[in-house]
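Here is how names work: the chains are called A, B, and so on, in the same order as the sequence lines, proteins then strands, and each is numbered from 1. Side chains are part of it too, since the values below use all heavy atoms of this structure and drop only hydrogens, waters and symmetry mates.
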Amino acid sequence: MIEDTPQPPAGTRPADDDLVRATGVVKYFPIRRGIIFKHEIGQVRAVDGVDLTVRRGETLGLVGETGCGKSTLARCLTRLYPLTAGQVVFDGTDISTLNRGQLRPFRRDVQMIFQDPYGSLNPRRRVGSIIGDPFAIHGVADGAERKRKVQELMELVGLNPEHYNRFPADFSGGQRQRIGVARALALRPKLIVCDEPVSALDVSIQAQIINLLESLQDDFGLTYVFIAHDLSVVEHVSDRVGVMYLGRLVELAEVDELYRHPHHPYTVALLSAAGTPDPNKARKRERILLTGDVPSPIDPPSGCRFHPRCPKARDRCSVDDPVLMPGTDRRPGAEPTGDGHVTACHYPVLPGEVLAGRT
Amino acid sequence: MVRFLIRRLLTGVLVVWLISVIVFAIFFIAPHNVAQLLLGKFAAQNQQLVQTVTKQLGLDQPIWVQYAHFLNRLFHGDLGYSYYSHEPVTSLIKAALPITASLAIGAAIIWVVAGVLIGVLSATRPRSFTDRLATLFALIGLSFPTFVLGLLLLYFFFYQLHLAGVTFFPGGGYVPLTQNPGQWAQHLILPWITLAVASMAVYVRLTRGQMLEVLGEDYVRTARSKGLRPLRVTYRHGLRAALVPIVTQFGIDVATLLGGAIVTEQVFGLNGLGRMSVQAVTNQDEPVIIAVVLLAAVFVVVANIVVDLLYAVLDPRVRLS
Amino acid sequence: MSTTELFESAEVPTIDTSGTLGRSPWQLAWARLRRDRVALVCGAFIVLLGLVAAFAGPLSKLIGWSPTQQDRINGLTPDGLPAPPSVHHLLGTDNLGRDVLVRVIYGTRVSLAVGVAAAVAAVLIGVIVGLIAGYFGPAVDAIVSRLMDVVLSFPFLLFAIALVSVVGPSELVEIGVIAFFSWAAVGRIVRGQTLSIREKEYIEAARSLGASDRRIMFVDVLPNLVAPVLVYTTLLIPVSIVFEATLSYLGVGIIPPTPSWGNMISDAQDVYQQAWWFLLFPGIALIATTLAFNLLGDSVRDALDPRTERLFAK
Ligand SMILES: Nc1ncnc2c1ncn2[C@@H]1O[C@H](COP(=O)(O)OP(=O)(O)OP(=O)(O)O)[C@@H](O)[C@H]1O
Ligand SMILES: [Mg+2]
C-alpha cells in the first residue's frame, strides 16, 4: 500500500505543507461472541487501508454512502480510536501509537464538530460551562478569565454572550451547532474535523453555519476535514474532495476537477444521483445507477470492492485490487498527470463517456 | 438454545459456589468458638473437652482443608447435625420444607393470578372506579410491611371474627395437605394473603402499565376496528405483551418471596424453614442456618433459570445470546 | 468582528420561552414539585417526622416518661396486661408498662436514622459501582454485573439473619446489612443508564477534548444520573425502613430495650388480642412513613420527568 501512495510531483509544494499525513490507516471492529470467554468471530472492516494528506489551510471534503467509513476515518485521524494498522502523522509528529496521556497536547490542536447538535451537548450542563470545557480540561483559564473568554467565543460564533447560563435545551438546532463550533474553537486548534456538521439542520440554517465555518477559517487560518452526505455542500466548502467506498478511498481530486471530470464509476454514480435538488428524486436516480445493496464491510468483495455494482466491471475487477493512480491512462509507461487527481480503478471513466445503468 | 442453557447452568453453578464460599467464610472464619458454643456450660469446666471437640470437628485444620471437608460433605448430602437439637439437619429440613413450599407456592399463584387480573381490569377501563380502587390497593400493598399486614389480618379475621362467633380462620398452625386438604387450605389462607399482597401490588401496576401501552398501539386499534371483541383484543394482544415483563419481575421476586416467607411463618407460627432459621439464629445453631441459606440460594438460582427459559419461550424476539 | 456582523442579520428568531430560559432542569423540577399537593403533604409529614426524631428527648420529657421507664402504678392492668390509652399514657402502655407514645417517638429516630443511612449508603455504593461497570467497557462490566447478579439473587433476608447471627446485632450492623443487600439494585440501574450515556456524542466530544475518565464520569455522566438516582433514593428509603423494622421484628435488628417500631410490634404480637394499641400505633407509624416516602418518591419522579406515567395515578 505504502509505496503506492501517490505523491504529487516534487516541486509543486513544500512537504511541510501537509498538516496531516495518513498512510495505510486500517480500523477493524471485532465482532465477538462466546459463552463465558468471548472469541472473535469476525471483523467489521470499517476503514481498510486509507492514504490521505490534509494540507495546511485547506478544506478536505469526504463523501460516500452511509457506512463507508467516513466517521471511522475521522475518528482515526483524531485518534479517538486506536488504529488497527497504519500511521497518522500530525504536524510532524507520529500520533498513531501515542497513548491517552501522550495525546493530550495533540488534543488542543485538533477539534471535532459533530453531526448531532442535540447529542453533542450535555443537556445537564450550562452552555458557558460546555464552551469552557477545553479551558477547564487543559487548565488554560480560570474563573472570571474563563468566563470572559467563553463570552468572547460566544460572540465570535454569533451567540448572545448573555446566554452564558442557559442550557442546551434553550437553544435552536442552529444555535446549538454554534455552541459546538465555539467549543471547538476555544483552544485555537490547527485542525477541525467536521463530521456532517450541518446534516441535521434545516437547509436555511445550514448556509449560516457553513458561512460561519468559512469565515472562521479565514480569520484563524484553520484547516478542515469536512464530512458530508450532501455533495453540493461539499462542493461549496471544499478545496479538495475524497470519495470513500467500503472503507477505501477510491478517488481524490481538486473540487472542480472531481465534480467536472469524475474518474471512478462510483463517483460518477454519486454525482449523477446528487444532480437533482430534490432529495427524493435523487434517491430514485441513485437506484437507477447504483443497483444492489452496499456489500457488508464484514466480508467485502474481492478485487475492486465496487465491482459487484459497477457498470464497467470486467473480469479483472473481481481479482485485482486497484490502487490510487493519477490520471485515466492505465497503460504502462503512461505520462503521470500533475493535478493530483487520483483514482483507484482499472477502467476509469473517460471524459464524455456515458455510464449505462445496470438493471 | 442449548448454548444458552449451558451458559445459564454454568453461571448458576458459579453463583451457588460463590454463595457457598461466602457462607463458609461467614461461619467458619468468624471469630467465635464453635466447640465452646456446642459444649455450653461444660466448656468452662473442661478445657480438654473443648480441644477434643475442636479436633473432632476438624476446626484445628487450615481453612482450605476445612472448606474441602465442607464441600465434600455437601456433595454427599450430609448437612451435619443441629448443635441445638442434635437431630440430623436433613430430617429437620424434610419436616419443615412442605410447610414453606405450601406457603410460598400458594402465595405466588395468588399474587400472580390476582395481580394480573386486577391489572387487566384496571387497564381495560383506565381512570374508572375500578382502576382507582386497584391503584389504592397497589399503594397500600406497597406500603404495608408484611408482618404488620399479617398481624392486622390476624387481629380482624381471627380475633375479631372469633369474638363475633365466626371461627373459620385459625390463629396459626399447620395441617399437612396429605392429612386434610380442607384444613390445610383453611390454615394457609391468611398467610397466603399476607405474603401475596405486597408483591401483588407490583404486578397490578406492571400489568396495567404494559397493557395500556400495548392497547394504545396501532395494531391493537386496528384489531379493534376490525370488530374483534374488546375482551379478545385485550387478551390476545395486551396480555401477551405484558407477560414478558411480568415473568422478568417474577424472577426478581423469588428472592423476596423467601424473605416474605420467613416473616409470614413468624407471624402465623408456621414451623417452616423460615421460622426454623430464625430460631437457629437465636440458638446459634449454625449447621441449620447454613443448610437453609444454601438451600434457598439453590432455589433462587434454579427459579431464575426457569424464568429465563420461560422468558425465551414467551418472547421469541429475544434471542438467547 | 466580521463574523458577528455577518450573522447578526441571520440570527434565528428564538421561541419565547422566557419563563423557563436559563433555569436548570432542577429548578424546573423543583417548581413542578412545589405545585404538587401530594408531594407537599408528604414532604411536610416527613419533615415533621424528622423533627420528632430530632427532638425525641425534649418531647419525652414533656410527656413525662422515658422510653425505657416502667410505670409501676398505672403501667399494667391488675392482670399484668398493657394498660389502654388513658390520661396517664395517651397511647397506652406496652407489655412492660412503658409508654407507647414515647417509645413510638424514639422508634421514629431509629427508623429514620437506619432507613436513611442505609439507603444513602446503598445509593453511594450503587452509583460508584454502576458507574464503573457501565463506563469501563465490557470486561469490567461482565465481572461487576455478575457480582451484582449474585448479590441480587441472594435470599437476602435469610442472609441478613445469618450474618447478624454471627456478627451480633447493632444499629451499624443493621445499616451495613441493609445497604449490602440494596446497593446492587441501584448499581444495575446506574449501569444501564451509564451504558446509554456513554454512547452519547457529548461524551465523545469530551474525549476528543482530552478529558480524563474521572472528569468524564463526574462532570459529564454523573449529572445525567442524578434524576434517576434521586427518585431511586426516595423509593429506597421506605424499603430500608421496612427492612429495618422486619429485622427488628425478627429479633436481629435493634436490641431491646432500645425501642424500634419493629421490636415493639414483635412484643405486641403476644398480646395483640388484649392490647390493640400496642400493635396499632407502631404499625400506623410504620405504614404512614413508608406511604409518605413512596408518594413523595412518585411525585419526585413526576416532577423530574413529567412524561412518565405516575406509579400512583391521582
Ligand atoms: N464502534 C463500532 N463498532 C462496530 N462497528 C462499527 C463501529 N463504528 C462503525 N462501525 C461500522 O463501520 C462501518 C463504517 O461506519 P462509519 O460510521 O464510519 O460510516 P459513515 O461513513 O460515517 O456512515 P454515515 O454516513 O452513516 O455516518 C459501518 O459498517 C459501521 O456499522
Ligand atoms: Mg458518519
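- Heavy-atom distances place both the backbone and the side chain of B:Val292 under 4.5 Å from chain C.
- Residues C:Glu244 and C:Ser248 have side chains that bring a donor and an acceptor to within less than 3.5 angstrom of each other.
- Using cut-offs of 30° and 60° for the angle between ring planes, the C:Tyr249 and B:Phe147 rings count as parallel.
- Proximity to chain C (any heavy atom under 4.5 Å) is shown, for B:Val293, by both the backbone and the side chain.
- C:Leu279 touches chain B through its side chain: at least one heavy atom from C-beta onward sits under 4.5 Å away, while N, CA, C and O do not.
- At a 4.5 Å heavy-atom cutoff, the contact between B:Leu14 and chain C is made by side-chain atoms alone.
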Show every donor-acceptor pair shorter than 3.5 Å between a side-chain atom in residues 286-293 of chain C and any protein atom, with sequence neighbours excluded, or say none if there are none.
{"residue": "C:Thr289", "atom": "OG1", "partner": "C:Ala285", "partner atom": "O", "Å": "2.6"}
{"residue": "C:Thr290", "atom": "OG1", "partner": "B:Ser143", "partner atom": "O", "Å": "2.8"}
{"residue": "C:Thr290", "atom": "OG1", "partner": "C:Leu286", "partner atom": "O", "Å": "3.1"}
{"residue": "C:Thr290", "atom": "OG1", "partner": "C:Ile287", "partner atom": "O", "Å": "2.9"}

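- Interface check for chain B: of the options C:Leu280, C:Leu250, C:Val239, the most heavy-atom pairs under 4.5 Å are formed by C:Leu250.
- With chain C as partner, the option from B:Ile289, B:Leu151, B:Val278 having the largest number of non-hydrogen pairs under 4.5 angstrom is B:Leu151.
- Here the CD atom belonging to C:Gln193 is positioned 12.0 Å from the OH atom belonging to C:Tyr232, to the nearest 0.5 angstrom.
- Here B:Val267 is the residue among B:Val267, B:Leu273, B:Val148 with the most heavy-atom pairs under 4.5 Å with chain C.
- With sequence neighbours left out, the side-chain contact (heavy atoms from CB on, under 4.5 Å) criterion links C:Ile175 to C:Val114, C:Ala117, C:Ala118.
- In this structure, the portion of B:Phe158 lying under 4.5 Å from any heavy atom of chain C is its side chain and not its backbone.
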